[in-house]
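Data block below; observations after.
Below, chains carry the letters A, B, ... as their sequence lines are ordered, and counting in each starts from 1. Just the heavy atoms: all of them, side chains too, but no hydrogens, waters or symmetry mates, feed the values below.
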Number of protein chains: 2
Amino acid sequence: MADVTIKDIATALGMAASTVSRALRGSYEINEKTRARVEEYAQKVNYRRNTVAQSLREKRTRALGVVVPEISNNFFSEVINGIEDEAFTRGYQVMIFQTHESFEREKQTVQQLYERRVDGLLISLSGQTTDIEHISRYKKDDLSVIYFDRVPEDENVDKVVVDSFEGVYQAATWMIQNGKRKIALLTSPPDIYITKKRLAGYAKALEDNGIDYDEKLIKYCGFEPWEAHDAIKDLVKNHQPEGFITCADRLTIDSYEEFKKQLTAGNTPLVPFFGFTNINVAHLLDPPINAIVQPAYEMGSRAAKLLIDKLEYNDRKHLGNRRTVPLPVEEKLKTHLVINFTT
Amino acid sequence: MADVTIKDIATALGMAASTVSRALRGSYEINEKTRARVEEYAQKVNYRRNTVAQSLREKRTRALGVVVPEISNNFFSEVINGIEDEAFTRGYQVMIFQTHESFEREKQTVQQLYERRVDGLLISLSGQTTDIEHISRYKKDDLSVIYFDRVPEDENVDKVVVDSFEGVYQAATWMIQNGKRKIALLTSPPDIYITKKRLAGYAKALEDNGIDYDEKLIKYCGFEPWEAHDAIKDLVKNHQPEGFITCADRLTIDSYEEFKKQLTAGNTPLVPFFGFTNINVAHLLDPPINAIVQPAYEMGSRAAKLLIDKLEYNDRKHLGNRRTVPLPVEEKLKTHLVINFTT
DNA sequence: TTGTAGGCGTTATCAC
DNA sequence: GTGATAACGCCTACAA
C-alpha cells in the first residue's frame, strides 16, 4: 500500500496542499474548522509525514551522529544512553557508529554522516587518530561538532571531558594516606593528550606528599589485553608495588585479571587496586576494585545538550537575531572515588 | 559555505546535471573522459552527495532502525555491536533508540522511525509490551521488521531468539549432576512468552532426573532490584536452596548481590549460582557466577543479516524477479555454559 | 484564511 | 553519450 501524501489529502478534501501542510503543522493562520477536518481525515487514512522530504526542504534532519570506538564498552554505552535521552527529549534522533579504534573507519564514518546531513556530530576519537582534519574540514559546511572523552588537544573545539588529573590525583592521594608509597600506574600510550593529564595528576599527588617519582612504576598500554597482563607481571616481579592505579575501562579489567592471578599465585601481597571503571559490579569482585567512576551518562547528556543548544543558537542567528559568537567550551566533569576495599 | 551540488558542477563544467549524476555514480553509458573530468572537479570542490535528496528520490534510506529497552545493558550493547557491524559492511546505517521498558515510548519511537522511512526495523520489545499492533500496522507500508530477544509469540513474524529452554535445561542438569536437588529459579514475569520456555526447560530437567517440581522454589521478578533481593531473601530464609538459576541480565546481578550478602551473613551455604549474563567479569567474582552466556553479538549480526537479506530480496522482487514468498523465520541461537565454580 | 508556484538535490525517462 | 524535464513529498513566499 502506497503512502498517503499531503497532496492526496488535499485532493480528497478539495483544498490546496499548502493548506493541508499548514493545518497539519498547526499553523496559527489556519481556520480551526479546516484544521479539524484535515486532522481527522489524516488520522483516518493513517497519514505519516515524510521526514525525508521535510529534511530536504528544511535543510536539516533533526538527527545527530554519534561516533565512538566501541559501543559495547560499558563506558561508551552509558555515554550513548545519556546522549539518546537528551536528544529524545529535545526532539532529535541519533545515529550511532563505531570505529573499532580504526582511523580509516572513523574518517569514512564521519563523511557518511556528513553526507546524511546530520545536524551535528558527537565524537570520541579512535585510538589511531592523531589529527582532526578529517572532521574539522566540514566545519565550514555547517556541521557542528562536540568532542567527548577522547578529545583533540586543539583549543578551538567544543569538548566535554572528565577531569582525569583530579581523578588520578585523588586515587593516588588516597593510597598515600593509607600508607602506600610505591604506587604503580598503568595508563594509555604516552603521546595521547589524556595520558599527560593522568600522569600529571599522579606526579602532583606524589610531589604534594614528598614522594619521589619513579619512572619504573609507570606502564603505558594499548588496547590489547596482553599489554596489561605483561605490565602487571613485570611490576609484580620486579617492583612489588604497594598499590595499583589503572586509567581506562578495558585496561582496568585486563590488569585486574592478571593482578588477581598473581595474587592467587602468591606473587604479590594483597594491595589496593584502583581503576577507572564504570562496571557496576566492582564491589562484588574479590578483592573489590576501588573505582574511579567517570560520570558517563552525564557526559553524554551534557555533550548532547551542548550540541543542541549550539544548533538552536545557530538557528536563531540565522533568523537575524545574532549575538556574540560563543567561544569554544570545555566542560570538565568530576570523577568520584568509590572505595570498596581497604587494607 | 554553501554545499556544492550536482547542478553547480554541471554549470561549472558546461554540461547537464544528469550527465554529472551519471558520471558520479559510474554509469556504464558515460564517456570515460567526461567521467574523469567530473570526478576530478568534484574532488577539487569537495563535492559530497546529499543522501537526503537521494533517499527522497529513491524511496529508500539505507538506514535501519534499532529499538531496545536499554542501550547500556551489557547484553543489548553487544547485540547492537553485532547489528552495527553487519549493517556497516552491507552499506546500511543504524539509528538507535531505547524504550526504557515503556510501551508508550516504544510506540512513539516506532512511529518516528517509520516517518523517517528507515528501510527496516530491528526491535526487542519493552517489558510493558503485550501486543504488537503498533508495529505490524506498518507492514503494509513496506516496513520490514525483525524481532530479537524479547519477541512476540506471534508465528507470522521473523525473529531471532536464544534457546532459553535449552539454556535453563543445561544449567539445571548440571546442578543435578553435581548432586543438587533443591534448585531455585528466578525468572521474568509469568505471562511473558520467554518465561514459559525457561520454566519448561527447568521442569524438563527435573523430570528427566526424577525430581519433583516445587512451585515454592520459583520466583517471578520484574526489573526492580528489590524484587530480586526479596526473592533471594525469601528463598534463603524459607527453603535453603542447593543452587540458584537466574534468567536475565539485570536479574542475575541483582540476585547475586543479595545472594552474596546472605552468604557473607552466613545465612546460606556456598552453593552454585547460575545466571544468564553477558558480563565479562563473571569469573572474577567471589564466588564466581556460572554463566549461561547468550550469543549477543551473533544475535545482532544474524538479525541484521536477516533483515538486509529480506530488503534486498524485496528489491529483486520489485524488479520483477519474483520467487516464492519467504516464510517467516525463527532463528534460535544456542547458549553455552561457562563454569567458573564447582562445589 | 487559503491558493499558486517554485524549489530543496537527486535520478529516471525520454529525447536528441 | 549527453541533455532537457519531471518527479520524489514537503514547505514558504507571495498573491488572492
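The side chain of A:Lys7 has D:dC8 as its nearest neighbour among D:dG1, C:dC14, D:dC8. Of the candidates C:dG9, C:dG3, D:dC10, C:dG3 carries the atom nearest the A:Thr19 side chain, counting heavy atoms from C-beta on. Considering only the side chain of A:Lys59, C:dG9 comes nearest among C:dG9, D:dA4, C:dT4. Candidate nucleotides C:dT2, C:dT11, D:dT2 were compared by shortest atom distance to the side chain of B:Ile30, and D:dT2 ranks first. The nucleotide whose nearest atom lies closest to any side-chain atom of B:Ile6 is, among C:dG9, D:dT12, C:dT11, C:dT11. The side chain of B:Arg49 sits closest to C:dT10 out of C:dC8, D:dG3, C:dT10. Ranking C:dA12, D:dT12, D:dG3 by closeness to the B:Arg57 side chain, first place goes to C:dA12. Looking at the side chain of B:Thr5, the nearest of the listed nucleotides C:dG9, D:dC10, C:dG3 is C:dG9.
Residue A:Ser18 places a side-chain atom within donor-acceptor reach of the base of C:dT4, judged by atom type and a 3.5 Å distance cut-off alone. Taking 3.5 Å as the limit, the base of D:dG9 and the side chain of B:Arg117 contain no donor-acceptor pair of atoms between them.
Rounded to whole Å, atom C1' of C:dT2 lies 16 Å from atom CZ of A:Arg35. For the pair A:Asn50 CG and D:dC8 C1', the interatomic distance rounds to 9 Å; values are reported in whole Å. At whole-Å resolution of the value, CZ in A:Arg62 and C1' in D:dC10 are 16 Å apart. Atom CG of A:Leu56 and atom P of C:dG7 are 14 Å apart (whole Å). Whole-Å rounding puts the A:Tyr28 OH to D:dT12 P distance at 11 Å. The CD-P distance, from B:Glu58 to C:dT10, rounds to 11 Å in whole Å. Rounded to an integer number of Å, the gap from CZ of B:Arg37 to C1' of D:dG1 is 14 Å. The interatomic distance linking B:Asp8 (CG) with C:dT10 (C1') rounds to 13 Å, in whole Å.
Residue A:Arg22 is in base contact, counting any heavy-atom pair closer than 4.0 Å across all strands shown. A:Thr34 comes within contact range of the sugar-phosphate backbone alone, with a heavy-atom separation under 4.0 Å but no base atom that close.
If you check the side chains of B:Gln111 and B:Glu115, you find a donor sitting under 3.5 Å from an acceptor. For the residue pair B:Ser126 and B:Thr129, a side-chain donor N or O sits within less than 3.5 Å of a side-chain acceptor on the partner. A:Gln93 and B:Arg116 share a donor-acceptor pair across their side chains, judged by distance under 3.5 Å alone.
Using a 30° and 60° split on the angle between ring planes, B:Tyr114 and B:Tyr138 fall in the parallel class, below 30°.
Once rounded to the nearest 0.5 Å, the distance linking CZ of A:Arg90 with CD of A:Glu312 reads 4.5 Å.
Dashed line: the shortest gap from a side-chain N or O of B:Gln54 to OP1 or OP2 of C:dT11 is under 4.0 Å. Here B:Tyr47 does not reach the OP1 or OP2 of C:dG9: none of its side-chain N or O atoms lies under 4.0 Å away.
Between B:Met15 and A:Arg25, the one whose closest nucleotide on DNA chain D sits nearer the 5' end is B:Met15.
Across B:Leu113, B:Ile146, B:Thr109, B:Leu64, a single residue satisfies side-chain contact (heavy atoms from CB on, under 4.5 Å) together with B:Leu121, and that is B:Leu113.
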